[in-house]
Amino acid sequence: MSKREDYIDWDEYFMGVSLLAAKRSKDPNTQVGACIVNPDNKIISTGYNGFPIGIDDDDFPWEREGGFLETKYAFVCHAELNAILNNPVTSLKNCRIYVALFPCNECTKAIIQAGIKEVIYISDKYANTEGTRASKLMFNAAGIKYRAFESSKQDLTIDFSVDSI
């Protein structure tokens with residue numbers, strides 16, 4: 001008997017973990033998760049978009065429209081930042097981060113500062129915004145690789161759709 005051949009590869013595994021982390025988000029519109037992995041393919045940290053620890057998310061808005069303080073945008077931490085902050089001890093130098101949505105310019109700064117060397121993402125739906133263009137300029141200047149996730153399996157049972165991001 002030979003070994004099984006239909007197993008998922010590392011990218012599929014870690015992207016699956018990031019999508020599972022996204023399911024923890026209470027955001028009614030956008031759920032994003034992140035998974036940080038070291039060069040030895042060990043998971044170092046995960047995160048999802050949500051309010052900072054200690055803030056009751058029932059006391060703050062989840063709205064997308066309105067004045068700045070009337071929307072979630074003033075208060076929610078993105079998945080990438082949470083994944084970085086959720087790991088206070090281990091170095092993130094030379095790690096990879098898996099995330100469904102291409103990082104915003106603020107998360108990009110944190111990714112660069114943390115020493116992460118590669119970003120793997122599913123969707124780049126905000127590619128034409130100034131924020132995403134700024135992210136790519138910073139990643140390029142810092143020598144950080146970024147690439148779209150590609151699944152090698154036709155019959156993959158993990159749902160890599162990004163309907164909720």
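Hydrogens, waters and symmetry mates are skipped; everything else that's a heavy atom, side chains included, is used.
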Of the non-hydrogen atoms in [X] and [Y], which two are nearest, and what is the gap between them?
| X | Y | answer |
| --- | --- | --- |
| N38 | D40 | OD1-N, 2.8 Å |
| I116 | C95 | CG2-O, 3.3 Å |
| A21 | G47 | CB-O, 3.7 Å |
| M15 | A100 | SD-N, 4.4 Å |
| I111 | I84 | N-CD1, 3.8 Å |

**OP:** Name all pairs fulfilling the side chain to side chain donor-acceptor pair (under 3.5 Å) condition that reach into residues 65-94, sequence neighbours left out, sorted by first residue then second.
**Re:**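 Side chain to side chain donor-acceptor pair (under 3.5 Å) check on residues 65-94 returns D27-K72.
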**OP:** Name all pairs fulfilling the side chain to side chain donor-acceptor pair (under 3.5 Å) condition that reach into residues 133-142, sequence neighbours left out, sorted by first residue then second.
**Re:** T108-S135, D124-K136, N140-Y146
So, using salt bridge (Lys or Arg N to Asp or Glu O under 4.0 Å) as the criterion, who are the partners of [X] when residues are at least two apart?
| X | value |
| --- | --- |
| K117 | none |
| R147 | D11, E118 |
| K109 | E106 |

4.5 Å side-chain heavy-atom contact, [X] and [Y]:
| X | Y | value |
| --- | --- | --- |
| F139 | P103 | yes |
| T46 | I36 | no |
| I97 | V37 | no |

Suppose we screen for side chain to side chain contact (heavy atoms under 4.5 Å, CB included). Which residues come up paired with [X], at least two apart in sequence or across chains?
| X | value |
| --- | --- |
| K23 | none |
| I53 | none |
| D58 | D56 |

Subject >> Contacts of K145 that satisfy side chain to side chain donor-acceptor pair (under 3.5 Å) - sequence neighbours left out >> reply: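 For K145 there are no side chain to side chain donor-acceptor pair (under 3.5 Å) partners, ignoring immediate neighbours.
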**OP:** Sequence neighbours left out, what passes side chain to side chain donor-acceptor pair (under 3.5 Å) with N105? Give chain and number order.
**Re:**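 Here no residue qualifies.
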Original post:
Can you name the ring pair (Phe, Tyr, Trp, His ring centres under 6.0 Å) partners of Y48, sequence neighbours left out?
Top reply: none
Subject >> Those residues that, when tested against F51, pass ring pair (Phe, Tyr, Trp, His ring centres under 6.0 Å) (two or more places apart) >> reply: F60, W62
Original post:
Around N41, counting heavy atoms of other residues, nucleotides and ligands shown, do more than 12 lie under 6.0 Å from its CG?
Top reply: yes
Could you give the distance from [atom1] ([X]) to [atom2] ([Y]), rounded to the nearest 0.5 Å?
| X | Y | atom1 | atom2 | value |
| --- | --- | --- | --- | --- |
| F75 | D57 | CZ | CG | 12.5 Å |
| E63 | N29 | CD | CG | 8.5 Å |
| C77 | L85 | SG | CG | 7.0 Å |
| F149 | I122 | CZ | CD1 | 6.0 Å |

Subject >> Any donor-acceptor N/O pair, T132 side chain to T129 backbone, under 3.5 Å >> reply: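 Between the backbone of T129 and the side chain of T132 there is no qualifying donor-acceptor contact (under 3.5 Å).
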Original post:
Is it true that a side-chain atom of S45 and a backbone atom of A83 form a donor plus acceptor pair closer than 3.5 Å?
Top reply: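 Yes; at least one donor-acceptor contact below 3.5 Å.
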Subject >> Test side chain to side chain contact (heavy atoms under 4.5 Å, CB included) applied to K125 and F102, step by step >> reply: CA-CA 8 Å; K125 73 178 185 179; F102 195 90; over 6 Å; no
**OP:** Carefully, step by step, assess V99 and S18 under the rule side chain to side chain contact (heavy atoms under 4.5 Å, CB included).
**Re:** CA-CA 6 Å; V99 64; S18 77; 5.8 Å; no
Original post:
Would a hydrophobic clustering, with Ile, Leu, Val, Met, Phe, Trp and Tyr connected at side-chain separations under 4.5 Å, put L81 with L92?
Top reply: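 No, L81 does not connect to L92 through the hydrophobic network.
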Original post:
Same cluster for I55 and F68 if Ile/Leu/Val/Met/Phe/Trp/Tyr side chains link at under 4.5 Å?
Top reply: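 Same hydrophobic cluster.
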Original post:
What is the ring orientation for W10 with Y13, classed by angle as parallel under 30°, tilted 30 to 60°, or perpendicular over 60°?
Top reply: perpendicular
**OP:** Let me see the working for Y126 and L101 under side chain to side chain contact (heavy atoms under 4.5 Å, CB included), right down to the final yes or no.
**Re:** CA-CA 9 Å; Y126 299 111; L101 190 58; 4.0 Å; yes
